[in-house]
Amino acid sequence: MNFGIPDFMSTLTRVSKALAMLPLLMGTLAADEGMWLFNDLPVKHLKDKYGFTPTPEWSEHVMKSCVRFNVGGSASFISSNGLVLTNHHVGSDTLFKLSNEENDYYNDGFLAKNFGEELKAPDLELNQLLNIKDVTAQVNAAVTPGLSAAEAAKARRAAIANIEKQATDESGLRSNVVTLYGGGRYHLYQYKKYTDVRLVWSPEANAAFFGGDADNFEYPRYCLDACIFRVYEDGKPAKIEHFLKWSPNGPADKELVFVAGNPGRTSRIFTVAALKHQRDVRLPYILDFIRRREVLLQQFALQGKESARRAHDGLFGFQNGRKARMGMLQGLQDPAVMSAKEQAEADLLAKIEADPKLRKYAGAWEKIADVQKRRAATQGMGVNLNEQLFNLAQQLVQMAEEDKKPSAERMPAYRDSNRASLEQQLFSTAPVYKDLEQVIISDLISRMVEKRGGDDELCQKILAGKSPIDRGEELISGTKMDDPEFRKTLAAGGSKAIEASTDPLIQLARMVDSEVRAEQLAGDELAEIERQAYAQIAEAQFATQGTSTYPDATFSLRLAFGPVLGYTEKGKEIPSMTNFGGAFQHEAAHAGQEYFDLPKSWHVARDAKKIDLATPYNFVCTADIIGGNSGSPVINEKMELVGLIFDGNIQSLTADYLYSDRQGRATSVHSNAIRDAIRNIYGADSLADQLGK
């Protein structure tokens, strides 16, 4: 059944009430809750509950078989010759960049029949995690007693930058320090980078996103949300040591499975004050922006077929974000959920007050509450011009200024350890559509004027005596920022070239730079106060609940797990798996509705009896996932790939703040469906033969 908005909201209300009595503090785990660090897996829990013990060799192989997409998303190596499996919607950024008016690879699909036909992505970087090291002591040693929050933030940034630079220089690997437990721990993650990435196969959008926005976050599902890339080294397919074998049959109902991926951000350590800020200020502000942009892109798409193609990737992202954040907000707006969180927080504070050794941590909650008040006072008042061409101009302006400083004193994006990744994006040859960029920046300027007021001094400077629409047209039509060679020339010229540039977007970026930097410094100061406070809360949790817990998600590699399991909704049993036959039935039940037409290739294969309609298609499990897990491999105890994460159901949308396996489920494409579709629907026997080999 497809939920309209009223049903969607009522479902979330019931879900949040059912979740209200769950323990909400990390360390008090419900069922198989957890996005676990690969260097601290819950070995005892897995052994006691499932009789399975992940060995160090098992953990290393799984870790090194995983891949992170720098555009956001997860993936895995699935062959010895460099094949990488991820979601169609994770790969869509590249699909759109490779497409044009003649070749629409997003909607029409793509198949390379040989190595020579594989299409090189213009700016895609894939990261394979090789090493993890605890550097907490090194980072914390830089923050000495007596430093102000601003001084502490600067000292911490410098320490992290030095650690990253030394690690990069010694290993040649991408090296990033990851903040864990809100600042309680710091780990150095080192990645091998792959920047020669080529598209191999992608199905049609009507198969990958079958059901469209109506089915998004619903279950049962019938989506082939998958695509395959290949990584190259020295112009040849890379030789991969650690990759996932392909399961011959996929998972069985109730079988334990594992999800290895890069969940984006969770907020489960958040205090009550921080959650109320999200509920009352931050999420409503974000939703207002998302709805506005969604309408803008819908209107742009109505101009014609090509306009619709240009707007589609952004529109899908905003529609997906709107629905997800509505779920988050609905959960936080339920008084029962907040009451349970308040009680859990009060219980922890009582334990702290009762222990003389822990009382020093009690003030952490007040500090976080004060930060939320300060954030609320400035919400929406900053320089909000997040448009592609302006972002490129801003990066060039900031890079020229930051390069005058030692690496350790620069803004994180401009440190030496991040330079190669920055330049790959900065000099991308991906197409930029000025007509779309013009309407976006015009609307951003208009929104900024609305928030700050028409008489605001900076707004007046930005408008330069023109309306937002006219100013947007002037900025975009007059810029050369869409030319990668122009960007390279400016970057090579450094601050002199930037200062001499007459490009309108460069001039705009220079005009707002001082305020942007002031905002950054103010944000860093608040973040440092919060970081120190959450570090104290984490230490209090460790002292009262033990250290066997997991940190909030940070877009770094984690392992989640749980059985393949259906659930009950509205008194109806929802089975754990769907099949190919169900997809055709779902199409017939929604005849005439947009996004419910399977591609012609599927009907041809069915009519020719090339596909078995009983083939498992999508399935759900109880693994703890969140945004960023899209594209994560689902594996069994034998380290075989059995599925591909692509979504969660409606009941999982509160997972940013809390987890429940009562109805919340992670949704995957079944490995049999991917293999059989490649072979029997798309006729790609050679590609199918490479899977897992």
Side-chain angles (χ1 to χ4, degrees), residues 70 122-123 125 150 153-162 164-165 168-169 174-176 193 195 382-430 432 434 437 440-441 444-445 448 457-458 461-462 464 471-472 474-525:
N70 69 335
D123 54 15
E125 177 184 312
K154 182 177 180 180
R156 196 183 303 275
R157 284 200 309 271
I160 289 173
N162 287 330
E164 291 178 345
K165 185 178 187 307
T168 300
D169 291 345
R174 174 170 180 162
S175 301
N176 299 120
K193 295 191 302 182
T195 54
V383 178
N384 301 305
L385 300 175
N386 188 23
E387 175 271 329
Q388 185 177 1
L389 291 177
F390 174 77
N391 287 344
L392 291 169
Q394 186 173 59
Q395 286 176 324
L396 286 168
V397 169
Q398 291 182 340
M399 186 170 72
E401 188 64 27
E402 294 299 298
D403 281 353
K404 298 175 182 178
K405 309 172 186 176
S407 178
E409 296 179 12
R410 297 175 195 162
M411 298 166 66
Y414 305 102
R415 295 171 186 159
D416 290 342
S417 56
N418 294 326
R419 179 53 59 96
S421 297
L422 171 66
E423 290 184 348
Q424 185 182 24
Q425 295 296 312
L426 192 56
F427 306 141
S428 169
T429 58
V432 180
K434 280 191 167 184
E437 298 307 308
I440 290 174
I441 198 167
L444 287 169
I445 293 172
M448 186 173 166
E457 183 179 355
L458 183 60
K461 289 181 179 179
I462 291 172
R471 182 60 168 145
E474 179 181 63
L475 288 167
I476 300 302
S477 64
T479 189
K480 296 181 181 178
M481 292 304 300
D482 55 320
D483 181 356
E485 292 303 319
F486 177 73
R487 300 195 297 267
K488 287 181 181 179
T489 300
L490 277 179
S495 59
K496 289 185 178 180
I498 293 296
E499 291 167 7
S501 176
T502 58
D503 187 276
L505 285 180
I506 291 292
Q507 292 180 332
L508 176 60
R510 291 185 63 201
M511 179 194 303
V512 302
D513 190 51
S514 60
E515 182 156 337
V516 169
R517 288 177 180 276
E519 291 172 17
Q520 180 71 44
L521 287 174
D524 287 348
E525 181 179 352

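Numbering of residues begins at 1 and proceeds along the displayed sequence. Just the heavy atoms: all of them, side chains too, but no hydrogens, waters or symmetry mates, feed the values below.
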For this session: Ignoring hydrogens and angles, state whether a donor on the side chain of Thr195 or Glu125 is under 3.5 Å from an acceptor on the partner side chain.
Result: no
Exercise. Between Ile476 and Met481, is a side-chain contact (heavy atoms from CB on, under 4.5 Å) present by the stated rule, with each step listed?
Worked result: CA-CA 9 Å; Ile476 300 302; Met481 292 304 300; over 6 Å; no
Problem set entry | Identified side-chain contact (heavy atoms from CB on, under 4.5 Å) partner of Leu505 from the options Thr479, Asp482, Val397, Leu396 | Thr479
Seminar exercise, completed: Of all heavy-atom pairs linking Ser477 and Lys434, the shortest is O-NZ, 3.8 Å
Seminar exercise, completed: The reported gap from CG in Asn384 to CG in Leu444 (rounded to nearest 0.5 angstrom) is 8.0 Å
For this session: Look at Glu499 together with Lys496 and state whether they make a salt bridge at an N to O cut-off of under 4.0 Å.
Result: no
Seminar exercise, completed: To the nearest 0.5 Å, atom CG of Asp483 lies from atom CG of Leu389 at 11.0 Å
Seminar exercise, completed: Looking only at heavy atoms, the pair that brings Gln388 and Val432 closest together is NE2-CG2, 3.6 Å
Problem set entry | Nearest atoms (heavy-atom pairs only) where Gly478 meets Pro504 | O-CD, 3.5 Å
Problem set entry | Interatomic spacing from OG in Ser175 to CZ in Arg415 - rounded to 0.5 Å | 12.0 Å
For this session: Indicate whether any N or O donor in one side chain lies under 3.5 Å from an N or O acceptor in the other, for Asn70 and Asp123.
Result: no
Exercise. If you look at every heavy atom in Ser407 and Ala161, which pair is closest and at what distance?
Worked result: O-CB, 4.2 Å
For this session: Mark yes or no for whether Arg487, through its side chain, and Ser428, through its backbone, hold a donor-acceptor pair below 3.5 Å.
Result: yes
Problem set entry | side-chain contact (heavy atoms from CB on, under 4.5 Å), paired with Phe390, selected from Ile440, Ile506, Val512, Ile445 | Val512
Problem set entry | CG on Leu385 to CG on Asn391, rounded to 0.5 Å | 9.0 Å
Problem set entry | Criterion side-chain contact (heavy atoms from CB on, under 4.5 Å) on Asp416 and Thr168, from CA distance to verdict | CA-CA 9 Å; Asp416 290 342; Thr168 300; over 6 Å; no
Exercise. If you measure from CD on Glu457 to CD on Glu515, what distance do you get to the nearest 0.5 Å?
Worked result: 9.5 Å
Problem set entry | Contact summary for Gly494 and Ala400, nearest pair of heavy atoms | C-CB, 3.9 Å
For this session: Take Ile441 and Arg471 through the side-chain contact (heavy atoms from CB on, under 4.5 Å) test and state the conclusion after the steps.
Result: CA-CA 9 Å; Ile441 198 167; Arg471 182 60 168 145; over 6 Å; no
For this session: Report the residue from Arg517, Glu401, Lys405 that forms a side-chain contact (heavy atoms from CB on, under 4.5 Å) with Met411.
Result: Arg517
Exercise. Between the side chain of Arg157 and the main-chain N/O of Ala408, is any donor-acceptor distance below 3.5 Å?
Worked result: no
Exercise. Would Lys154 and Asp524 pass as an ion pair if we require N to O under 4.0 Å?
Worked result: no
Exercise. Does the pair Lys165/Asp169 count as a salt bridge with the N-to-O cut at 4.0 Å?
Worked result: yes
Exercise. Using a distance-only test with no angle check, is there a side-chain donor-acceptor pair under 3.5 angstrom linking Asp503 and Gln507?
Worked result: no
Seminar exercise, completed: Result for side chain to side chain donor-acceptor pair (under 3.5 Å) between Tyr414 and one of Gln398, Arg419, Glu402 points to Gln398
Problem set entry | Ser501 side chain vs Ala497 backbone, donor-acceptor pair below 3.5 Å | no
Exercise. Taking all atoms of both residues into account, what is the closest heavy-atom pair of Val516 and Gln394, and its distance?
Worked result: CG2-NE2, 3.5 Å
Exercise. Between the side chains of Arg174 and Ser421, is a donor N or O closer than 3.5 angstrom to an acceptor N or O?
Worked result: yes
For this session: Show the numbers, then the answer: is there a side-chain contact (heavy atoms from CB on, under 4.5 Å) between Glu164 and Ile160?
Result: CA-CA 6 Å; Glu164 291 178 345; Ile160 289 173; 3.6 Å; yes
